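Structure first, then comments.
Fair warning: this is a prediction, and the values are worked out from it, not measured in the lab. Per chain, numbering begins at 1; letters A, B, ... match sequence-line order.
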Amino acid sequence: MILTNVETVPGKTIVEHYGLVQGSTIRAKHIGRDILAGLKNIVGGELKGYTELLVEARKQATERMVAQAHELGANAVINVRYSTASVAQGAAEILAYGTAVKVV
Amino acid sequence: MEDAVDIIAVLVPIALLALAFATGKVLERRHYQSIAERERKLVAVPAVTCETLDDERPVQQVELAVGSVVVSADYFKRFLMGFRKIVGGEIRSYSSVIDRARREAIVRMKESCPRAHMFLNCRLETSSISGGSGRGIGFVEIVAYSTAVTFKA
C-alpha cells in the first residue's frame, strides 16, 4: 500500500477512485507514564513516554485506514491527513484519513 | 514547628526553580546542538511545502514519512510565564520550547526515510494533549509529515 499526502502518487497514474477511508483510535494515558511525565515536567524537554504512546496510536490509526482501503481493493491512499483531538481529560483521539485510489 | 513548615514551604519552590533553571538550560543547549548537527547532515534532502514534483527524474518509491515529539516546558519557564502574563507580549521561554520541538519533529521525519531524496508537502501540526487543565501549555505534541520521494539512481 502506497501512502502519500499529496494529491497524486509521484511517478504513477491514478486509474480509479474509491473515496474516503479513515482510521482512528482513542488512547488514554497510562498512570505510570503520567507520574514519570509529571517528574519530567520539572526539567522540561521531551516526554519520551508520551511520544512513544502517540507514535503507536498513529501507527494503529494508519493501519486501520489502510485496512479499509484494502477492503475496497485500493493499492494506494493519497492526500493522507492526520489530526489529534483531546476528547476527554487524559485521552486523545488520533485520526488518519485519505482518499483510496488504484494506481498503475 | 510552624516556622519550620513555613521555611519548607518557601524553600521547596525555590529549590525546584533552581533545579529547573540549571538543568533546563543545559538540556536546552544540548538539544539545540544535536538538532543543529542533524539538520546540517540532512540539509541536502529538502522538505518542501509544495505538492507537485518539480523534477524530471523518474521516481522509484514514494512513502509517507512521519516524525513526532511531545514536549513540555520546565518549571522555571512556567514561572517566567506567570510574570509575562501580567504585562503581555511574547513569551520567549515558551517560543524556544516549541521551536525546538518543531525542528526535532522535522529532523525525525527526515530520519525515518533515510533513502529519500525529497520530502513533498510537509505539514506541521501542533496539539495540546494536557486535556485542558488550564495549567500553562502542559504537554504539546508536534507532528511533521510529508511524502518522501526516492528517485531512481
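- Atom CD of A:Glu7 is surrounded by 12 or fewer heavy atoms from other residues, nucleotides or ligands within 6.0 Å.
- Residue-level contacts of residues 63-74 of chain A with chain B do not occur; threshold 4.5 Å between heavy atoms.
- Salt-bridge annotation for B:Arg38 and B:Glu104: present, with a side-chain N of the basic residue lying under 4.0 Å from a carboxylate O of the acidic one.
- Side-chain polar atoms of B:Ser96 and B:Lys77 form a donor-acceptor pair below 3.5 angstrom.
- Both the backbone and the side chain of A:Arg81 come within contact range of chain B, each with at least one heavy atom under 4.5 Å from a heavy atom of that chain.
- For a residue to count as touching a neighbouring chain, one of its non-hydrogen atoms must lie under 4.5 Å from one of that chain's; by this rule B:Val66 touches chain A with the side chain only.
- Using a 4.5 Å cut-off between heavy atoms, B:Glu141 contacts chain A through its side chain alone, with no backbone atom that close.
- With a 4.5 Å cut-off on non-hydrogen atoms, B:Arg108 touches chain A through its side chain but not through its backbone.
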_Go through it in stages, so that I can follow the logic: the residues are B:Gln60 and B:Arg115, the test is side chain to side chain contact (heavy atoms under 4.5 Å, CB included), and I'd like the CA-CA distance, side-chain angles, deciding distance and then a yes or no._
CA-CA 11 Å; B:Gln60 188 187 21; B:Arg115 286 175 53 236; 3.8 Å; yes
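- When heavy atoms are compared at a cutoff of 4.5 Å, B:Arg100 approaches chain A solely by way of its side chain, counted from C-beta outward.
- Chain B forms more heavy-atom pairs under 4.5 Å with one residue of A:Gly49, A:Gly45, A:Gly11 than with any other, namely A:Gly45.
- Between chain A and the residues B:Thr147, B:Val149, B:Val59, B:Val69, the most heavy-atom pairs under 4.5 angstrom are made by B:Thr147.
- Note that B:Arg123 lies outside the cation-pi zone of B:Tyr145, set by a 6.0 Å cut-off to the ring centre and a 45° limit from the axis.
- Between B:Ala105 and B:Ser68, the shortest heavy-atom contact is CB-CA, 4.4 Å.
- Only the side chain of B:Ser127 comes within less than 4.5 Å of a heavy atom in chain A; its backbone stays farther off.
- Hydrophobic clustering (ILVMFWY, side-chain heavy atoms < 4.5 Å, transitive): B:Leu124 and B:Tyr94 are in distinct clusters.
- Side chains of A:Thr84 and A:Glu93: no donor on one and acceptor on the other come within 3.5 Å.
- The part of B:Leu53 that comes within reach of chain A is its side chain, from C-beta onward, which places non-hydrogen atoms under 4.5 angstrom from that chain.
- Your options are A:Leu54, A:Val6, A:Val77, A:Asn5, and the one with the most heavy-atom pairs under 4.5 Å with chain B is A:Asn5.
- Of the residues considered (B:Leu17, B:Val62, B:Thr23), B:Val62 shows the highest number of contacts with chain A, using heavy-atom pairs under 4.5 Å.
- Looking only at atom types and distance, the side chain of A:Tyr82 has a donor-acceptor partner in the side chain of A:Thr62 under 3.5 Å away.
- Between B:Asn121 and B:Ser146, every side-chain heavy-atom pair lies at or beyond the 4.5 Å cut-off.
- Proximity to chain A (any heavy atom under 4.5 Å) is restricted, for B:Val143, to the side chain, taken from C-beta onward.
- With salt bridges taken as basic N to acidic carboxylate O contacts below 4.0 Å, none links B:Arg78 and B:Asp74.
- Minimum heavy-atom separation, B:Phe119 to B:Ala65: CE2-CB, 3.8 Å.
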